[in-house]
There are 2 protein chains.
Amino acid sequence: MLTSQRKALILDRLRRDGQVIAKALADDLSLSEDTIRRDLREMAAEKLLKRVHGGALPLSPDLPDFSARQAVSSEEKRRLGAFAAGMIKSGQTAFLDGGTTNAEIARRLPKDLAVTIVTHSPTITGELEHHPVAEVILIGGKLYKHSMVATGAAAMAAIASIRADIFFLGVTAIHPAHGFSTGDFEEAAIKRHIAQCSAETYVLATAEKLDAASPCQILPIKGVSGLIVPSDIPEERLAPYRNAGVPIFLA
Amino acid sequence: MLTSQRKALILDRLRRDGQVIAKALADDLSLSEDTIRRDLREMAAEKLLKRVHGGALPLSPDLPDFSARQAVSSEEKRRLGAFAAGMIKSGQTAFLDGGTTNAEIARRLPKDLAVTIVTHSPTITGELEHHPVAEVILIGGKLYKHSMVATGAAAMAAIASIRADIFFLGVTAIHPAHGFSTGDFEEAAIKRHIAQCSAETYVLATAEKLDAASPCQILPIKGVSGLIVPSDIPEERLAPYRNAGVPIFLA
DNA sequence: CATATTCGTGCAAATTCCTGCAGGAAGCAG
DNA sequence: CTGCTTCCTGCAGGAATTTGCACGAATATG
């Protein structure tokens, strides 16, 4: 990765998140923290950002409350996203479902990872616009505006021509008995189809989705390869899922 | 391989990938890095690209800064967008090409207009996310990151199944003799294909696009149904286009 | 105050860049 | 055909840049 690209990326992330953390940046870019710190120092000298202990902040904090809220509110999802991104190996093909949690995977995708990302969500493609090496395949179809994903026969056909190594499924509810579910029948069918076309399927779930059910089941609990949850969920809430036979990963 | 071919290829790859790495280029073309570097040096002198340590970048990398892009679009593009949006009748199917000007059409689309919007640009779909009644069809395919549109065989096939009443074509340059052109061969082919699948094709053009030419022609001047330009362009600049036989609309 | 990060600097290794030069191919005049 | 010029290409080697590591200083946290 080129130095100037790296600096542009830092600025980009600064605008988006309202902050950058040196260590996280080094992890994502697979570089030493020293290099990142050097960049931050130089950019601070160019008046492009403000250097602070641990990272950097935008020079003119536009809407400081907004960026602060952004920074704290999605901490849980960010951890899930980073964990999931780490599961994707170089050269693989990953299918990303729509939703804010999966958008976080796209954001946390290491910038030097040469992978193929398939998605039926235009929102996800936006997150990958500035990824230096990832190839992005967009599945087309009739757009469901509510969740901003392509659906319908055209989408089903396009998905059938894809064979993904790993699929990150987005759901609205998870229940030990009722499995993974969502609110729309058509969407559930699409998601099920994607899972069938993928070697492995994983679900990212924040705490509030557990022990809930939505009208349309996508898959039973045992129908996925694993469930990824925040590490601070108490073990007793996870027990029913472990008993149902799904591997659980703590992020 | 001829030097000029090589340089054209470098520009092409720059447009496609948003970056060029000297070493990788030398490997791919089986040439010494010195030769590549010499090319890059010369092209930088010709203001065709920006030289950076390790390779080169496009001269004006797409400004991810939303406010900056918004500022560029400004008054002129808004007028064009509103005029074009007014040409779409209730019940019709309109195909919107990518680009900031066409995004303006999507933004200006009357909220009570029940139409079907087809596009291969995920950016455009984002503009339509909150439209109450418009049905949105997304064309999928391999994503070209620099212009954020779906391309390739899958996109071509999906387009072939669509029959649009009106197509708003985005171009980078317009010339009386060389017609409508853009910088990428693949993109030009896609745009031409969409035009063939549409009953009418219109081009929105701000002043700076007139009397310029890019490498790849999409259509000749007479190949479109009309050209929509800002009303403050002097008549003498429009005369060559009128003579070429294309109807002109002032917005 | 103690501990753990984070920071800055010096330094060495690796990579990339530039300059000058030589060999070879293409074009051209004699 | 020969000799000349011109252009392109690769190579050598020295300069410049970048990167990671080590170690002591500075800063945050409890």
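The shown structure was predicted, so the numbers you read here are calculated from the model rather than taken from an experiment. What you see below is based on every heavy atom in this structure, not just the backbone, and it leaves out hydrogens, waters and symmetry mates. In what follows, chains are A, B, ... by sequence order, proteins preceding strands, each numbered from 1.
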Peer 1: Through what angle, rounded to 10 degrees, does the axis of the helix from dC1(C)-dG30(D) to dG30(C)-dC1(D) turn between its ends, using five pairs per end?
Peer 2: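 The end axes of the helix from dC1(C)-dG30(D) to dG30(C)-dC1(D) are about 30° apart, to the nearest 10°.
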Peer 1: So, using salt bridge (Lys or Arg N to Asp or Glu O under 4.0 Å) as the criterion, who are the partners of Glu200(A) when residues are at least two apart?
Peer 2: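 None.
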Peer 1: Less than 4.0 Å between a side-chain N and a carboxylate O, is that true for Arg107(B) and Glu127(B)?
Peer 2: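 Looking at Arg107(B) together with Glu127(B), the answer is yes, because their closest N to O distance falls below 4.0 Å.
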Peer 1: Hey, are Glu104(B) and Lys77(B) close enough for a salt bridge, meaning a charged N less than 4.0 Å from a carboxylate O?
Peer 2: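 Result for this pair is no, no salt bridge flagged.
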Peer 1: Heavy-atom distance under 4.5 Å between the side chains of Asp39(A) and Ile10(A), does that happen here?
Peer 2: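 Side chain of Asp39(A) against side chain of Ile10(A), heavy atoms only: contact under 4.5 Å found.
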Peer 1: Mind checking salt bridge (Lys or Arg N to Asp or Glu O under 4.0 Å) for Asp28(B) and listing every partner two or more places apart, or none if nothing turns up?
Peer 2: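 In terms of salt bridge (Lys or Arg N to Asp or Glu O under 4.0 Å), with neighbours along the sequence ignored, Asp28(B) is linked to Arg13(B).
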Peer 1: Would Thr172(A) and Ser214(A) count as having a side-chain donor-acceptor pair, cut-off 3.5 Å?
Peer 2: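 Yes - a donor-acceptor pair under 3.5 Å links their side chains.
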Peer 1: Give the ring-plane orientation class for Phe168(A) versus Tyr202(A), where under 30° counts as parallel, over 60° as perpendicular and anything between as tilted.
Peer 2: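 Because their plane-to-plane angle lies in the 30° to 60° range, the rings of Phe168(A) and Tyr202(A) count as tilted.
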Peer 1: Among pairs that include at least one residue of residues 240-251 of chain A, which meet side chain to side chain donor-acceptor pair (under 3.5 Å), considering only residues two or more places apart or in two chains?
Peer 2: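 Pairs touching residues 240-251 of chain A that pass the test: Asp211(A)-Tyr241(A), Glu235(A)-Arg242(A).
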Peer 1: Can you see whether Glu187(B) engages Ser147(B) through a side-chain donor-acceptor pair at a distance of less than 3.5 angstrom?
Peer 2: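 A pair is found: one side chain offers a donor N or O, the other an acceptor, under 3.5 Å apart.
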Peer 1: Using a heavy-atom cut-off of 4.0 Å to chain A, what are the terminal contacting nucleotides of DNA chain C, in 5' to 3' order?
Peer 2: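 Contact boundaries, 5' end first: dT6(C) to dT9(C).
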Peer 1: Which one of Leu25(B), Leu49(B), Leu11(B) satisfies the side chain to side chain contact (heavy atoms under 4.5 Å, CB included) criterion with Val20(B)?
Peer 2: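 The single option meeting the side chain to side chain contact (heavy atoms under 4.5 Å, CB included) with Val20(B) is Leu25(B).
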Peer 1: Please write out the pairs of protein N or O atoms and N or O atoms of nucleotides 15-20 of chain D separated by less than 3.5 Å, giving the distance to one decimal.
Peer 2:
unit_1	atom_1	unit_2	atom_2	d
dT19(D)	OP1	Arg6(A)	NH1	2.8
dT19(D)	OP2	Arg6(A)	NH2	3.0
dG20(D)	OP2	Ser32(A)	N	3.2
dG20(D)	OP2	Ser32(A)	OG	3.0
dG20(D)	OP2	Thr35(A)	OG1	2.4
dG20(D)	N7	Arg38(A)	NH2	2.7
dG20(D)	O6	Arg38(A)	NH1	3.3

